[in-house]
Amino acid sequence: MNFRAPVLACFLTVLLPQGQAADTVKPNVLFIVIDDLNDYVGCLGGHPDARTPNIDALAESGLLFTNAHCNSPVCNPSRTSLWTGLRPATTGITTNPSGWFRDNPEFREVISLPRALGDAGYATAGFGKLFHSGHGNRSWPDWQQFRRYHYGPFLKQLLRYRNGDRLSDWGVPPADPGKRVGPKPSAPEAASFDGEIADRVIAQLGDTHDRPFFLGCGFYRPHTPLYAEQKWFDLFPGEEIDLPALLENDNDDLPYFGNQPRREQDIEAPGLWNHEWVTKNHYWRAIIRAYLASIASVDAEIGRVVKALRESPHADNTWLFLFSDHGWHLGEKQHWGKAALWEQTTRVPFIVVGPGIEPGGRCDEPVELLSLYPTVLDLVGIEPPHKLEGVSLRPLLENPDGEWDHSALTTFSDHHALRTDRWRYIRYVDGSEELYDHNEDPHEWTNLAVDPDHPELPALRTRLDQILTKP
């Protein structure tokens with residue numbers, strides 16, 4: 001591998017040795033991480049127009065967690081949490097501007113998951129967005145710096161945008177690479193660097209290695225700007241796109257995010273769309289179409305990587321985890337983007353395929369991405385290097401219908417949401433609350449916490465406090 005060429009890497013502890021016999025004593029691990037993908041995938045049924053044949057096929061070959069939730073509904077805290085095994089409320093990384101966890105002396109020496117595997121003899125490599133890219137140029141023990149890439153090439157001449165924010169752009173980029181800003185992708189018509197990321201991962205999967213490996217594949221789409229080639233837009237005739245179900249006056253029973261101005265720390269990417277602007281300019285279907293096209297494009301790259309794994313010498317001895325860092329709203333509850341604590345923002349696709357996993361399994365128990373770190377170590381037989389705050393999912397991998405007495409916690413800024421098998425409980429920093437019964441109200445239209453004496457509230461309050469209380 002020639003590392004003089006631009007390499008899309010977010011961590012690289014030990015280069016994977018080439019041309020040597022594989023060590024099958026411990027299983028390999030492959031992470032496929034998707035950026036800003038909500039439940040708009042076929043196997044989760046989040047949008048009727050979604051086209052995700054490769055993700056759906058992967059779910060049919062392994063175990064699909066239908067009630068999986070992110071650690072935080074924005075990138076930096078979500079990824080910091082899953083790689084460190086610590087909650088956002090513990091590290092203090094609760095928003096994108098919170099900084100870098102290693103700047104806090106208390107967490108400077110925390111061992112990340114790839115480092116823990118590397119210390120145990122694994123070769124580890126990662127390509128694309130794995131840790132938060134905003135810290136890609138920061139030196140730290142288990143991250144060799146390479147040229148930093150953003151979300152794909154920006155256009156000098158924006159297509160559609162609000163307030164001039166480049167991330168709010170969407171559409172089909174022109175084929176002329178001269179109209180782009182930044183490094184050129186491998187193909188002039190490419191709308192992101194996801195193809196190059198897949199190429200790097202496929203090259204590693206096609207090789208042999210003298211020890212087990214941990215390989216990270218971090219795709220950027222469907223993160224904004226929502227650029228995709230015309231062939232992906234052609235899958236979704238704009239006039240036929242279904243709009244999300246919406247309830248008029250839905251925000252009337254929202255005590256915090258609905259009826260008062262938000263603090264600066266409660267706002268993510270203020271230059272992105274808002275519901276009034278989108279509907280006034282008749283852009284709703286156009287933006288959803290671009291989001292679906294971006295999903296279809298990354299689904300194709302996922303298919304390439306999965307195919308390479310299955311055709312590789314490592315197919316029978318590799319655990320594959322596919323997940324998204326958090327969800328995304330496209331008008332649901334009149335919200336756009338992330339940075340909220342409702343179902344559409346916290347629920348993520350989460351699929352596990354590996355030795356002994358029965359194909360076509362589904363698990364409806366509430367799980368959180370915080371469990372990734374302890375689950376991997378449990379599966380490969382490595383002791384945790386520090387106290388992890390998540391729990392291993394191994395019991396559910398072995399029996400998806402087994403007993404599970406855990407909830408999923410999502411934190412944004414100083415607000416928290418707790419998801420059980422039935423209930424979503426949200427508590428904001430000012431003490432105001434929301435409560436939704438997913439058996440009766442899957443759209444979360446009726447906030448039951450307007451009744452402070454609702455019988456479910458005491459137990460949910462206690463459970464949230466117990467999780468947030470450090471031992």
Side-chain angles (χ1 to χ4, degrees), residues 27-47 50-71 78-79 82 113 128-130 194 198 201 205 214-219 221-222 295-296 298-310 314-328 346-376 378-379 390 392-402 404 408 419:
N28 308 303
V29 180
L30 170 63
F31 272 20
I32 299 179
V33 188
I34 313 168
D35 205 7
D36 289 14
L37 176 59
N38 59 18
D39 64 359
Y40 282 20
V41 294
C43 58
L44 289 179
H47 196 285
R51 302 278 190 92
T52 53
N54 294 294
I55 295 176
D56 299 342
L58 188 65
E60 284 299 316
S61 68
L63 178 61
L64 170 68
F65 288 92
T66 64
N67 195 9
H69 298 270
C70 63
N71 305 326
S78 176
R79 292 166 184 268
L82 71 90
L113 174 57
K129 187 174 181 183
L130 295 165
D194 284 348
V201 173
L205 291 172
F214 173 77
L215 181 57
C217 174
F219 290 119
R221 291 291 180 260
I295 294 172
V298 76
D299 180 78
E301 302 301 339
I302 291 168
R304 293 177 58 217
V305 171
V306 173
K307 180 175 183 290
L309 172 63
R310 289 176 173 163
H314 321 292
D316 297 331
N317 192 39
T318 298
W319 284 96
L320 188 159
F321 295 79
L322 178 142
F323 57 93
S324 171
D325 60 347
H326 51 71
W328 186 269
T346 74
R347 188 182 183 216
V348 294
F350 185 20
I351 300 168
V352 181
V353 181
I357 297 292
E358 291 292 327
R362 294 173 68 93
C363 180
D364 301 325
E365 297 291 345
V367 299
E368 52 190 4
L369 296 184
L370 192 70
S371 288
L372 282 164
Y373 196 142
T375 300
V376 170
D378 192 2
L379 292 173
S392 172
L393 299 176
R394 186 167 188 165
L396 293 179
L397 296 178
E398 296 174 349
N399 180 12
D401 299 319
W404 187 253
R419 185 65 160 89

Is [X] reaching over with its side chain to a backbone N or O of [Y], donor-acceptor style, under 3.5 angstrom?
| X | Y | value |
| --- | --- | --- |
| T52 | G42 | yes |
| D35 | G218 | no |
| N28 | T318 | no |

Spacing of [X] atom [atom1] and [Y] atom [atom2] [to the nearest 0.5 Å]:
| X | Y | atom1 | atom2 | value |
| --- | --- | --- | --- | --- |
| H69 | L369 | NE2 | CG | 10.0 Å |
| I34 | I295 | CD1 | CD1 | 9.0 Å |
| E368 | L393 | CD | CG | 8.5 Å |
| S371 | L82 | OG | CG | 11.0 Å |
| I32 | I302 | CD1 | CD1 | 6.0 Å |

What are the two closest non-hydrogen atoms of [X] and [Y], and how far apart are they?
| X | Y | answer |
| --- | --- | --- |
| A59 | L64 | CB-CB, 4.2 Å |
| C70 | S78 | CB-OG, 4.3 Å |
| A308 | L205 | CB-CD1, 4.2 Å |
| G62 | V353 | CA-CG2, 3.8 Å |
| W328 | N38 | O-ND2, 2.8 Å |
| I357 | V352 | CG2-O, 3.9 Å |

**Study point:** Any pair counted as side-chain hydrogen bond (donor to acceptor under 3.5 Å, both in side chains), so long as it reaches residues 353-367, sequence neighbours left out
**Key:**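 Every pair satisfying side-chain hydrogen bond (donor to acceptor under 3.5 Å, both in side chains) with a residue in residues 353-367: T66-D364.
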Review point. Tell me the side-chain hydrogen bond (donor to acceptor under 3.5 Å, both in side chains) pairs involving residues 347-357, sequence neighbours left out?
Key: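 Residue pairs with at least one partner in residues 347-357: D39-R347.
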Practice item. Using salt bridge (charged side-chain N to carboxylate O under 4.0 Å, His left out) as the criterion, list what pairs up with D36, not counting sequence neighbours. Key: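 Expected list: K338.
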**Study point:** With D325 via salt bridge (charged side-chain N to carboxylate O under 4.0 Å, His left out) - residues at least two apart
**Key:**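 D325 satisfies salt bridge (charged side-chain N to carboxylate O under 4.0 Å, His left out) with R79 only.
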In the structure I gave you, are the side-chain heavy atoms of [X] and [Y] within less than 4.5 Å of one another anywhere?
| X | Y | answer |
| --- | --- | --- |
| L397 | T375 | yes |
| L379 | V29 | no |
| R419 | N67 | yes |
| P349 | L37 | yes |

Could you pull out all residues at least two apart from [X] that satisfy side-chain contact (heavy atoms from CB on, under 4.5 Å)?
| X | value |
| --- | --- |
| D378 | S392, R394 |
| A68 | F65, V348, F350, V367 |
| A300 | W232 |
| R310 | L58, S61, V306 |

Practice item. Applying ring pair (Phe, Tyr, Trp, His ring centres under 6.0 Å), name anything that partners F31, two or more places apart in sequence or on another chain. Key: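 Ring pair (Phe, Tyr, Trp, His ring centres under 6.0 Å) list for F31, sorted by chain: W83, F214, F321, F323.
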Check your understanding: Residues two or more places apart in sequence or in another chain: which of them pass ring pair (Phe, Tyr, Trp, His ring centres under 6.0 Å) with W404?
Key -> H406
Practice item. May I have all residue pairs that pass salt bridge (Lys or Arg N to Asp or Glu O under 4.0 Å) and include part of residues 53-62, sequence neighbours excluded? Key: none
Exercise for review: Please name all residues satisfying side-chain hydrogen bond (donor to acceptor under 3.5 Å, both in side chains) with Y40, sequence neighbours left out, ordered by chain then number.
Suggested key: E332
**Study point:** D316 atom CG: more than 12 heavy-atom contacts under 6.0 Å
**Key:**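 Count not over threshold, so no.
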